[in-house]
Number of protein chains: 2
Amino acid sequence: MPTRLTISDIARKAGVSKTTVSRVLNNRPDVEDKTRSHVLNIIEENNYVPSPIAVGYVKNKTHLIGLVSPAEMHSWQIEVFQGVVAGLKDYNYQLLLLPHYPDEAAESSKEFDRILNNGLADGLIVLHPSLVQSYFQKLSNAELPVVAIDDASSLSNLAIPSIGANNYTGALQAVRHLIGLGHRKIAFIGANNNFRFTRDRLDGYKAAHTQAGLVFNPDFVKIYDEDIVNFRFLQEQIGYKSTLALLAQEKPLPSYTAIFAETDEMAIGVMRALNEHGLRIPDDISLVGFDDLPKASYTTPALTTVHQPTREMGKMVVKLLMDMIDGKIIGQKRHELDTEVIIRASTRAI
Amino acid sequence: MPTRLTISDIARKAGVSKTTVSRVLNNRPDVEDKTRSHVLNIIEENNYVPSPIAVGYVKNKTHLIGLVSPAEMHSWQIEVFQGVVAGLKDYNYQLLLLPHYPDEAAESSKEFDRILNNGLADGLIVLHPSLVQSYFQKLSNAELPVVAIDDASSLSNLAIPSIGANNYTGALQAVRHLIGLGHRKIAFIGANNNFRFTRDRLDGYKAAHTQAGLVFNPDFVKIYDEDIVNFRFLQEQIGYKSTLALLAQEKPLPSYTAIFAETDEMAIGVMRALNEHGLRIPDDISLVGFDDLPKASYTTPALTTVHQPTREMGKMVVKLLMDMIDGKIIGQKRHELDTEVIIRASTRAI
DNA sequence: CTGAAAGCGCTTACAG
DNA sequence: CTGAAAGCGCTTACAG
């Protein structure tokens, strides 16, 4: 096939006008059956496919969904991403990647402008929790349908609908599990609460204490306070450093018998720190993570954690965006999906 | 911004013709400096960005790269994928996902036609080892630049350039590592050799024996022969089942002291089978995998394996495709990148 | 039910 | 150095 066939070629071969071919292509009712099947035959014979770029151009609709994410995705983001891809199966849309490269953080506003003005996508999915607020501001002003996944925007009441796990309940369940095992002194390790999910998980931790009639000890809550530029690479270190700080408080042995880490990556850092101090999991200290990353079942011991329905979240975000594009929905709502505690080998009764 | 500005708006505001604006936009030299800077100012002031779809349409170039992959990517594919994204940073191209959904395998030819005729991408990256031959045939006939990653096409001499790890040398190194530790009887577990990489790894295993003056025992080579429809989900099972078959051959104890598994996923299956039979790694049997997946360092014991430079492969595939699109290269070559044995805890001297 | 014409937002010869 | 006109491959009123 040297040069691609156009609608004119098909019209000529079929002996009809381009208009009629276009009608057939778009399944318009106002075409005689005979004409339609004849044109369809010609199309079939010649293996003709209309140029998507021409169609997109004239219809002002590309059938492309832009996915804004860090260039280097974090394990959790990849899971959601795969859910998005799975969700797209049911729609006649394709996914365009709009990665954000962190080294351009300095001029990130410009970089984000480039992404936003890209003009190629009919809608945007934001899978980038640490996206700067000003960008969300711009997004919410844009005419483009946008939906976010576990984002920071919700903290400032921007008009962007979002989807996430029920982080509050998830944390509540996790800590309840520990309490159910007899633990009474449970430490919390997390990052600063610039993120909605970090805040919610801490709240869940506190609520579990309250509901069980326990008072949590603020000394046992380690919030890593430095600014988190690159959340992906810092998490393990946050877990590690926070645990060291926690251990330094009580010598030689800590009084808490369990630790709830805000993410699995942090939990892995916790494991490393405990290991180095000769503390055994779960014999000396029980440990619960959050996220249920694929690697959570490969740690030693396998990590008890809170499962997030990442695939479902990906699928749901697609459906939501599609509804927005179709004008069926004027979003702005927050949707939360249920979590589940996955009990593995890092927790035990005392 | 209610309606988007067009080049005509800018031309009017600047008091020049659309042609001149277009020249400025495209950095053509034949514009007076004064005119250029004036137009540039107007563009800047109005925050004007040319419609990529219109530009793509008229230039017949979308600046989009299509990535053909399974909808559900396998850990190794994700690593390469991230390399592709990283590689794209240096080019003015964006990535369009062209996932293949396996349930449509029945009519996969049609499904692949849809992808191929998509017409939106200026070039294609195929990250889908089990892609059917007929599709590669079509790809090689298409006018579109295509480059594959560790594909099956090379087996049939199709004219598609490809990139992969040096699987032969990688396997050679892995088995040499075992031989260096004193192992003399080393089993091999792999899948059928419909894939170039499976064949090469087996060849490397054999070569290591030959070069060391050892004869390998064909009874110790377990090739899982059933057709592999969904490589992702079967690997762990292949490792598991093949190990069981291997163990059934010699009772109660095997005479080999090490196993080389063709992939890390298979190695994980091997671990499970050995565990169930009360054989300890590495005390009773040493184990080496291949791929160095992220989870390889989280297994118990941490897996000694062959590292593939997946990020580099991703970057390289982008560069190659860009050169092809620019007409700098008429590919067809196979490129291989070096591997490295990562020694962890699953191997030891005997 | 069908077709001629205009137009989407750009670029590219062509002419000056 | 600059602009008028044609054209890329479709769709969409409009007229019949």
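The sequence lines fix the lettering, A, B, ..., with proteins before strands; numbering per chain opens at 1. What you are looking at is a predicted structure, and each value in this text was computed from that prediction instead of being measured.
Between the P atom of dT11(C) and the CD1 atom of I53(A) lies a distance of 13 Å, rounded to the nearest Å. One atom, NZ of K61(A), and another, C1' of dC8(C), lie 16 Å apart when rounded to the nearest Å. Regarding K34(B), its NZ atom lies at a distance of 13 Å from the P atom of dC1(D), rounded to whole Å. One can place CD of E32(A) at 5 Å from P of dT2(C), the figure rounded to the nearest angstrom. As a whole-Å value, the separation of H38(B) NE2 from dC1(D) C1' is 16 Å.
Side-chain atoms of D30(A) lie closest to dT2(C) of the nucleotides dC10(D), dT2(C), dT11(C). Closest approach to the N26(A) side chain among dT11(D), dT11(C), dT2(C) is made by dT11(D) (side chain taken as heavy atoms from C-beta onward). Closest to the side chain of Y57(A), from the set dC8(C), dG3(C), dA4(D), is dC8(C). Looking at the side chain of R28(A), the nearest of the listed nucleotides dG3(C), dT12(D), dT11(D) is dT12(D). Residue V31(A) has its side chain nearest to dT2(C) when only dC10(D), dG3(D), dT2(C) are considered. Taking every side-chain heavy atom of A54(A) into account, dG9(D) is the closest of dT11(D), dG9(D), dC1(D). Listed candidates were dC10(C), dG3(C), dG3(D). Nearest to the side chain of V16(B) is dG3(D). Of the candidates dT12(D), dC1(C), dG7(D), the closest approach to any side-chain atom of V58(B) belongs to dG7(D).
Among the atoms of the strands shown, none is found under 4.0 Å from any heavy atom of N60(B). Within 4.0 Å (heavy atoms only), T19(A) reaches at least one base atom of the nucleic acid. As judged by a 4.0 angstrom heavy-atom cut-off over every strand, T35(A) is placed among residues touching the sugar-phosphate backbone only.
Contact annotation: the side chain of I325(A) approaches that of Y93(A) to within less than 4.5 Å [non-hydrogen atoms, C-beta and beyond]. Side chains of L127(A) and W76(A) form a contact here, defined as non-hydrogen atoms less than 4.5 Å apart.
The base of dG3(C) is paired with the side chain of R23(A) by a donor and an acceptor separated by under 3.5 Å.
Applying the salt bridge (Lys or Arg N to Asp or Glu O under 4.0 Å) test to pairs two or more places apart or on separate chains, those with a residue in residues 24-41 of chain B are R23(B)-D30(B).
Looking at every heavy atom in both residues, P309(A) comes nearest to L337(A) through CG-CB, 3.7 Å.
Residues V21(B) and S17(A) each lie close to DNA chain C; by heavy-atom proximity, the contact nearer the 5' end of the strand is made by S17(A).
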Check the pair T20(A), S17(A) against side chain to side chain donor-acceptor pair (under 3.5 Å), reporting the backbone distance first and the verdict last. CA-CA 5 Å; T20(A) 298; S17(A) 70; 3.3 Å; yes
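Using a 4.0 Å cut-off, some side-chain N or O of S22(B) falls inside it from OP1 or OP2 of dT11(C).
Searching all strands for a Watson-Crick or G-U wobble partner of dA13(D) with both distances below 3.5 Å returns nothing. With both pairing distances under 3.5 Å, dA4(C) is matched to nothing as a Watson-Crick or G-U wobble pair.
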